[in-house]
Amino acid sequence: MYIFRDYYNNQVKLSFDNHPFSDQPKHVWVICRYKDRWLLTKHKERGLEFPGGKVEEGETAKQAALREVKEETGGSVDNLHYVGQYFVSGKSENVIKNVYYAKIDKLVQQKSYFETEGPVLLESIPENIKYNQQFSFIMKDEVLKHCMDHIKNVY
Ligand code: GTP
């Protein structure tokens, strides 16, 4: 288990065990790979981030992951792998989020990308994005680094 503070100084607990905080998390985040590039989305307010969002009523977390990737990037997921789960102790609420790793096999242009401006492909994730205004706060804590390390070791 890793424990650290996020960009807003909230405490975050991250684990690569099987659903350590909740079997039914309400949020998902999907680290996407398409043709040797990382596939992100550009959120209209937060900036560049891997796609994700809230699990809707009647949906499983995995279904939410597939839907969010499609909505925010136009990508269809070939393979979805559970990576880990994190718990953010927020000021007014707690957030439990599943992290997945997805291999994308097709990127199809969408009419709308919901709250985002759509897909952004990057060869690499720059160092020091903590100080890079283009990137979203959810990319700015240790969740990203630990998950990328985990993915590198497993896939
Ligand atoms: P909407 O209902 O979509 O407008 O969402 P919201 O802004 O209320 O946010 P959400 O329920 O997604 O998250 C509530 C709070 O949890 C956010 O303001 C953040 O402080 C925190 N949070 C959500 N997701 C993450 C995340 O991936 N990483 C970190 N560190 N904090 C997060």
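This is a predicted model, so every value here is computed, not measured. If you read the sequence from its start, that first residue is 1, and numbering goes on from there. Whatever order the structure lists them in is the order used to number ligands and atoms, beginning at 1.
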request  = Measure up the Phe50 and Trp38 rings against each other and bin them: parallel (under 30°), tilted (30 to 60°), perpendicular (over 60°).
outcome  = perpendicular
Shortest heavy-atom approach to atom 24 (N) of ligand 1 - which of Arg5, Lys97, His27 = Lys97
task = Go through the steps to decide whether His146 and Phe4 satisfy the test side chain to side chain contact (heavy atoms under 4.5 Å, CB included), and finish with yes or no.
result = CA-CA 11 Å; His146 291 306; Phe4 45 86; 4.1 Å; yes
ask   = Does ligand 1 have a heavy atom under 4.0 Å from the side chain of Phe137, from its backbone, from both, or from neither?
value = side chain
ask   = Centres of the His19 and Tyr82 rings: under 6.0 Å?
value = yes
ask   = Would a 4.0 Å cut-off, counted as strictly less than, catch a protein heavy atom around atom 4 (O) of ligand 1?
value = no
key: Reported CZ-to-OH distance for the pair Phe21 and Tyr86, which is rounded to 0.5 angstrom   = 11.5 Å
inquiry  = Taking 4.0 Å as the limit for heavy-atom contacts, which would you say applies to Trp29 with ligand 1: side chain only, backbone only, both, or neither?
reply    = neither
key: Residue, atom name and distance, where the atom is the protein heavy atom closest to atom 21 (C) of ligand 1   = Val95 CG2, 4.2 Å
Atom 2 (O) of ligand 1: the protein heavy-atom neighbour that sits closest, reported with distance to 0.1 Å = Lys54 NZ, 2.4 Å
request  = Quick one: look at Lys91 and ligand 1, take heavy-atom pairs under 4.0 Å, and tell me if it's side chain, backbone, both or neither.
outcome  = neither
Contact bool for atom 18 (O) of ligand 1 (protein heavy atom, d < 4.0 Å) = no
message = Among all protein heavy atoms in this structure, tell me which lies nearest to atom 27 (O) of ligand 1, with the distance rounded to 0.1 Å.
response = Tyr86 OH, 2.6 Å
message = Under 4.0 Å from atom 13 (O) of ligand 1, can you find at least one protein heavy atom?
response = yes
note = heavy-atom search around atom 8 (O) of ligand 1 in the protein gives Glu93 OE2, 4.0 Å
remark   = For Asp6, the ligand 1 atoms with a heavy-atom partner under 4.0 Å come out as 29 (C), 30 (N), 31 (N)
note = Under 4.0 Å between heavy atoms, the region of Val143 that gets near ligand 1 turns out to be neither
task = Determine whether the aromatic ring centres of Tyr155 and His81 lie less than 6.0 Å apart.
result = yes
key: Ile31 and Tyr100, any side-chain heavy atoms less than 4.5 Å apart   = no
remark   = Counting from 1 in the order shown, the ligand 1 atoms closer than 4.0 Å to a non-hydrogen atom of Asp141 are 30 (N)
query = Asn10 heavy atoms, cut-off 4.0 Å: which ligand 1 atoms fall inside?
reply = 20 (O)
ask   = Side chains of Glu49 and Ser136: do they bring a donor and an acceptor to under 3.5 Å?
value = yes
ask   = What's the spacing between Asn98 CG and His27 NE2 if we round to 0.5 Å?
value = 11.0 Å
Row check, Tyr7 ring normal vs Lys140 NZ/CZ: under 6.0 Å, within 45° = yes
ask   = Salt bridge or not for Glu59 and Arg67, using N-O below 4.0 Å?
value = yes
